[in-house]
There are 2 protein chains.
Amino acid sequence: MREFKRKSRVLLIDDNADHLRGVKELITLESSYDVVGATTSANMGINLAKKYRPDLILMDINMPEKDGLQAIQEIEKLDLGIRVIALSGYDDADLIFRAMKIGAKGYVLKTMASAQLIYAMDEVAAGKIYLPTALTSRFFEYFQNSFKEENAKLSEENLLSYLTAREEEVLDLLTQGNNYKGIAGKLFISETTVKTHVNNIFQKLQVNDRTQAVLYALNNGFATKHKIAV
Amino acid sequence: MREFKRKSRVLLIDDNADHLRGVKELITLESSYDVVGATTSANMGINLAKKYRPDLILMDINMPEKDGLQAIQEIEKLDLGIRVIALSGYDDADLIFRAMKIGAKGYVLKTMASAQLIYAMDEVAAGKIYLPTALTSRFFEYFQNSFKEENAKLSEENLLSYLTAREEEVLDLLTQGNNYKGIAGKLFISETTVKTHVNNIFQKLQVNDRTQAVLYALNNGFATKHKIAV
DNA sequence: TGTGTCCTACATCTTTGGATTGATAAATTA
DNA sequence: TAATTTATCAATCCAAAGATGTAGGACACA
């Protein structure tokens with residue numbers, strides 16, 4: 001299959017010169033990839049990316065000088081359609097999560113067999129996103145954990161549920177930064193009426209001012225509830 | 001391996017009686033699982049879950065009456081350590097994302113080969129989280145897309161960067177719902193100084209009041225920047 | 001040494017926000 | 001039908017917030 005396509009162009013960025021050389025050899029042996037560049041500097045890597053527009057980048061994210069994650073982010077910002085695979089020595093869930101969050105199309109451990117690296121490259125070059133099974137599992141544990149609190153908040157007794165429909169409208173406008181006059185204008189009611197509603201909201205949410213009300217709303221899934229609902 | 005462990009107890013919930021029967025037979029053939037219950041009702045399923053405390057639940061999430069996702073959420077809320085695998089007819093990214101978000105430990109398509117279902121069950125029963133490769137790819141596309149906007153905001157010119165260190169401290173306290181007095185007390189400075197800082201913050205963020213300042217901060221990664229930084 | 005930035009502080013004034021009380025009409029529910 | 005809830009509006013009062021101008025001391029940098 002792969003043999004019939006044009007070769008994918010790959011750029012390597014890894015501050016460990018030895019590892020860089022090793023990966024380069026490995027990939028060069030693999031006939032379906034052209035290594036168009038290899039550098040130990042993240043900044044240089046970004047420049048090379050702009051210059052050569054590779055299809056793929058293998059980016060070491062354990063670099064001291066410039067953080068590899070930051071480099072990935074900058075490359076993603078360029079929006080050149082370059083697909084980046086993160087190379088890391090650690091299977092740390094937080095690292096994996098952050099890499100995928102900023103747009104890495106794959107995450108491969110340096111300790112993994114070379115065949116697996118090539119496989120990841122094939123998958124990513126084919127437009128897919130690739131994570132080894134074990135890392136996927138780690139990712140999801142982290143992912144679910146980060147939503148646990150939010151889920152708990154959304155399902156637990158929520159003071160927001162005591163608000164009337166009108167009060168929800170008013171609160172919604174509050175969370176958009178409106179003052180009394182703005183809300184009154186948007187709802188076609190008098191400012192004093194808005195004051196009444198807002199005061200009732202304060203009572204129900206047990207807060208003292210609009211900022212606290214807005215914060216309560218945002219921290220307890222007010223927007224979520226209406227727009228993204230599970 | 002599996003042969004030596006005690007059998008995992010499974011509960012099946014699927015409003016399609018035919019499919020339910022099919023899955024039940026399939027699993028019964030597989031000697032390492034005991035089907036402790038099978039029902040076409042989500043509510044009944046939740047009751048059975050409480051009663052029998054199965055290790056695993058296979059939950060159809062394409063049910064009209066009570067949404068399967070909601071049922072998963074309720075089971076997760078019980079916190080009984082029951083691991084739920086979502087069964088669905090659709091490989092819709094949004095569905096997959098929502099299922100994983102609320103704590104499903106796996107997501108399997110009904111059209112998949114029975115061997116794959118058993119494999120998923122083995123993995124999940126072993127404490128892992130399992131998503132078929134193809135669905136993982138879909139999930140990540142959706143996941144990365146949902147962060148694209150946020151990433152753009154964080155990396156684009158941000159008025160927050162013009163704030164001084166002290167102003168950031170003040171803004172941080174503002175985003176916790178403090179008034180002038182509260183901030184003054186916490187920073188051991190006078191209330192008038194706080195007013196000065198807050199006014200400077202308003203100028204820099206180009207907003208008119210504290211609520212808008214807080215909203216600007218939250219919408220532009222203020223907390224994120226300091227606590228979760230990429 | 002001077003220039004600029006930052007943190008601190010105060011005075012003054014205007015506007016907005018918040019608390020409270022009271023009242024009417026419509027809709028809902030018991 | 002009576003009672004309750006909701007949405008509307010007003011007056012009043014006090015507190016808080018916001019706008020503006022001024023200014024001294026600390027520090028960094030050229």
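Keep in mind that the numbers below use all heavy atoms, side chains included, and drop hydrogens, waters and symmetry copies. Reminder, nothing fancy here: chain letters follow the sequence lines and each chain counts from 1.
- Residue N199(A) contributes atom CG, which lies 9 Å from atom C1' of dG17(C) at whole-angstrom precision.
- Straight-line distance from the CZ atom of F202(B) to the C1' atom of dT16(C): 12 Å, rounded to whole Å.
- Minimum atom distance to the side chain of N179(A) is reached by dG17(C), of the listed dA9(C), dG18(D), dG17(C).
- Mapping T164(B) and Y180(A) onto DNA chain C via the closest heavy atom, the residue that lands nearer the 5' end is T164(B).
- Protein atom CD1 of I189(B) is 6 Å distant from nucleotide atom P of dA9(C), rounded to whole Å.
- Donor-acceptor pairing under 3.5 Å, judged by distance alone, is absent between the side chain of T196(B) and the base of dC7(C).
- In this structure, F139(B) has its ring center under 6.0 Å from that of F140(A).
- Between the side chains of S137(B) and Y130(A), no donor-acceptor pair of N or O atoms lies under 3.5 Å.
- Aromatic pair F222(A)/Y216(A): centroids not less than 6.0 angstrom apart.
- Atom NZ in K181(B) sits about 13 Å away from atom C1' in dC14(D), given to the nearest Å.
- Atom NZ in K204(B) sits about 10 Å away from atom P in dT5(C), given to the nearest Å.
- Regarding contacts with the backbone of dA9(C), a side-chain N or O of T193(B) is found under 4.0 angstrom from either OP1 or OP2.
- Here the side chain of S190(A) is nearest to one of dA19(D), dA10(D), dA19(C), namely dA10(D).
- Closest approach to the A165(B) side chain among dA7(D), dC10(C), dC7(C) is made by dC7(C) (side chain taken as heavy atoms from C-beta onward).
- Of the candidate nucleotides dA7(D), dC10(C), dG18(C), dA7(D) has the atom lying nearest to any side-chain atom of R166(A).
- If you take CD of E168(B) and C1' of dC7(C), they are 15 Å apart, rounded to a whole angstrom.
- Rounded to whole angstrom, the span from the CG atom of L187(B) across to the C1' atom of dC6(C) amounts to 15 Å.
- With DNA chain D read from its 5' end, the first of the two nearest nucleotides for E191(A) and R210(B) is the one closest to E191(A).
- Here the two rings, on F143(A) and F97(B), have centers that are under 6.0 Å apart.
- Nearest-nucleotide positions on DNA chain C place F188(B) closer to the 5' end than the other of F188(B) and D209(B).
- Residue-environment remark: OH (Y52(A)) stays at or below the threshold of 12 foreign heavy atoms within 6.0 Å.
- One can place NZ of K195(A) at 14 Å from P of dC14(D), the figure rounded to the nearest angstrom.
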